[in-house]
Amino acid sequence: MVDSSSKQTKVTSSHWGAFEVDVEGDRIVATRPFSHDPHPTPIPGILPAAVHHRTRVAHPSIRRGWLEKRKRDGRGSDEFVALPWDEALDIAATEIDRVRREYGNKAIFGGSYGWSSAGRFHHAQSQAHRFLNSIGGYVASFGSYSTGCAQSIMPHVFGVNFLQLLYEHQDGWQTIHDHTQTLVMFGGINPKNSQVSMGGVTEHETAGWFHRFAAKDMRCINIGPQRIDAPEGCEWIPVRPASDTALMLALAHVLESEGLTNRDFLARCTVGFELFRPYLMGETDGQPKSPEWAAPLCGVDPDTTRNLARRMASTRTLVTVAWSLQRGEHGEQPYWMSAVLSAMLGQIGLPGGGVGYGYGAIGGVGKSLIGLGGMTFSQLTNPVETVIPVARIGDMLRNPGQPYDFNGRREPYPDIRLIYWAGGNPYHHHQDLNALHEAWQKPETVIVNEPWWTATAKRADIVFPATTPYEREDIGRSNLDDYLFHMPRLIPPVGEARDDYAIFAGLAERLGVGAVFTEGRSAADWLSLLYEEYRSLAVPKGVEVPDLEELRARNWIRLPIRAEGPNRTLFAPFRENPEASPLGTPSGKIEIFSETIDAFGYDDCPGHPVWLPPSEWLGAATVAAPLHLVSPQPGDKLHSQFESALADREGARPETLVMHPGDATVRGIRTGDLVRVFNTRGACRARASVSEDIHPGVVALPTGAWFGDPGGNIDPDGNPNVLTKDVGTSRLGQGCSAHTALVDVARLEA
């Protein structure tokens, strides 16, 4: 489509939605919002600068120390040598073959996080895993940093895969609007976070729905450490981070002590309340979980707790729980306890009632659509059975052969000799990055496909320059969106960049499995094949999808897949007849007490929900670290994407740290001051913003700034993961504990 003599405009899609792109010659020069988006995100504004940024990886590059002496140390500080593509591919293929012959495929870890493109074929995770499976397999990971803990605990409670529950079996916004009277949001519902969604969210609707909720006088209550975690106009009950379980227990105590528990629902639809109740009422440990007990833990006045519990019991109430609550030590507990609290209210399965997870975490949750399958590039079958929890990568590298517990099984960590990473930046989302940097030196080889010189690319031995979604043709679609996009190649590849498919095809050919990986098809062939499969699967659903040539000509279409009327959740037929429509738990019911979990014998996740303070908690707050750090998602980008260009903007870095006036005053800090945020794990710079909209004793520093050079005493741009703690949520979930961190803050001279 590129014509060097004139400017052309096309629409493309992304994880943060659709937008118009202006191209002149070989350059992207401007972007504009998609005309059908009621609340477009500003994220694409930085795209022209980012795509053509000086930090693009221009050539295949190999770290000098590794190239000359196979040295492992120096990752992050060594220089790189540019090589021709064929030579670099030869070297990489030879090294991959050496590792699999000497140590077996269990010595290869395949890291890919999946957020690099909304396109269906050029999906880095599918490409990387298909290649690794074609050569004999790899050590895989379970879950995500966003929901790994919930993915472990919730199947024990509801008997359904958590992601299925999240995307397929929850009330839509229209149902909530029509039926919910009280919306209780633990962790809020943040329109900032709902800017993005896997595969794209074309019409950003979250903020608009809250305007409609306000117009019908729905009571919306944000329970969390920051006011801005819910739309303007919502009530705010400030709570300390990691205290939500204590507040939920106190609400449950009010229900039980005041006779507001729905005993009919508990008897028909749950098991184990009789084992949980003695703990709730203090009969087993001498401590009733009353509002007075919870007040010093969570900071909520007992009368506020009582009044809220009474309202929840007397109105149609939907309890929503943000992903952030399970991203901390004992993150299983608030998720499990939210289900128990909702079961005690007895509204699970009623329209607009019960409990929901992840509203506002991504833009697609809350949309009611007819699901269409297909357009998935097969990853083939992995012959290696070893799988680790995704957030335990640092532990795996540090402790090969050491046994660890995970969700009822006990296995040793694999001995990883080679890491292949594509489509992600672990030095953005992993915890305790200084410790990860040390562990990262242990494998013999690290290979990365990457468009930019991220912190991960700088810590690789072999770096292949990969194209961005704007340099290749693809199709954009999502099961959480009703738009379909042809994503045209807008510009030629920058520098010597190649598509991931071409990179892996080149390696596969050298390793003797070219036909297995490509099946003799070009990227264009695969795109046509996957699209036709998608069209054929739409026919039984009564949905007509145009052929690929028509879609190319039209650029985008809106599919008629909006579900009509109120959606019917998984729990509606279960509520009506639990015996005829049982859940997938061992009992067929909601498990308030789980015999399965109890049999694991985990003291950090027993057989029913309990209050377990994290290891870094109020009692551990010392003069050295008296403030609780939360690290929310950034508002100006997706994770760390486009960070290199954003960091060029005057005043954009270091990142902004929000803190309460009381905490700022005692430290002599004002809005705009440069500050040092620190604990025993590390330190970073930040720019202070003093606000009443955060709980006293809490500071908030968004993720996304690129991790700086190792060895320095302070991260320059404000990456909070130099401060966060790299421990599992519990032996059951082993999720990330990003929100379990205590820090202090001091003013810096400019």
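This one's a predicted model, so the numbers in the text were calculated from it and none came from an experiment. Count residues from 1 along the sequence.
Using the six-membered ring where Trp is involved, Phe571 and Phe574 have ring planes that are perpendicular, over 60° apart on the 30 and 60° scheme. By the 30° and 60° cut-offs, the orientation of the rings of His211 relative to His39 is tilted.
A 6.0 Å sphere centred on CD of Glu232 holds no more than 12 heavy atoms belonging to other residues, nucleotides or ligands.
In this structure, the side chain of Asp500 does not engage the main chain of Ala124 through any donor-acceptor pair within 3.5 Å.
Residues forming a side chain to side chain donor-acceptor pair (under 3.5 Å) with Asp37 (at least two apart in sequence, or on another chain): His204. Annotation: side chain to side chain donor-acceptor pair (under 3.5 Å) contacts of Trp16 (sequence neighbours excluded): Ser14.
The CZ atom of Arg562 sits 4.0 Å away from the CG atom of Asp482 when rounded to the nearest 0.5 Å. Rounded to the nearest 0.5 angstrom, His486 NE2 and Leu527 CG are separated by 7.0 Å. To the nearest 0.5 Å, atoms OG1 (Thr12) and CD (Glu473) are separated by 10.5 Å. Atom-to-atom distance recorded for Leu646:CG and Ser644:OG is 8.0 Å, nearest 0.5 angstrom.
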Q: Kindly indicate, with the supporting measurements, whether the criterion salt bridge (Lys or Arg N to Asp or Glu O under 4.0 Å) is fulfilled by Glu24 and Arg27.
A: CA-CA 5 Å; Glu24 289 184 357; Arg27 296 187 68 85; over 6 Å; no

Q: Give the C-alpha distance, both sets of side-chain angles, the deciding distance and a yes or no for salt bridge (Lys or Arg N to Asp or Glu O under 4.0 Å) between Glu655 and Arg687.
A: CA-CA 6 Å; Glu655 185 57 89; Arg687 183 79 63 181; over 6 Å; no

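When ring centroids are compared, Phe121 and Phe377 come within the 6.0 Å threshold.
The ring-ring contact (aromatic ring centres under 6.0 Å, His included) test with Trp115 is passed by exactly one of His428, His429, His15: His15. In summary, of the residues considered (Gln174, Glu203, Glu205), a side-chain hydrogen bond (donor to acceptor under 3.5 Å, both in side chains) with Lys367 occurs for Glu205 alone.
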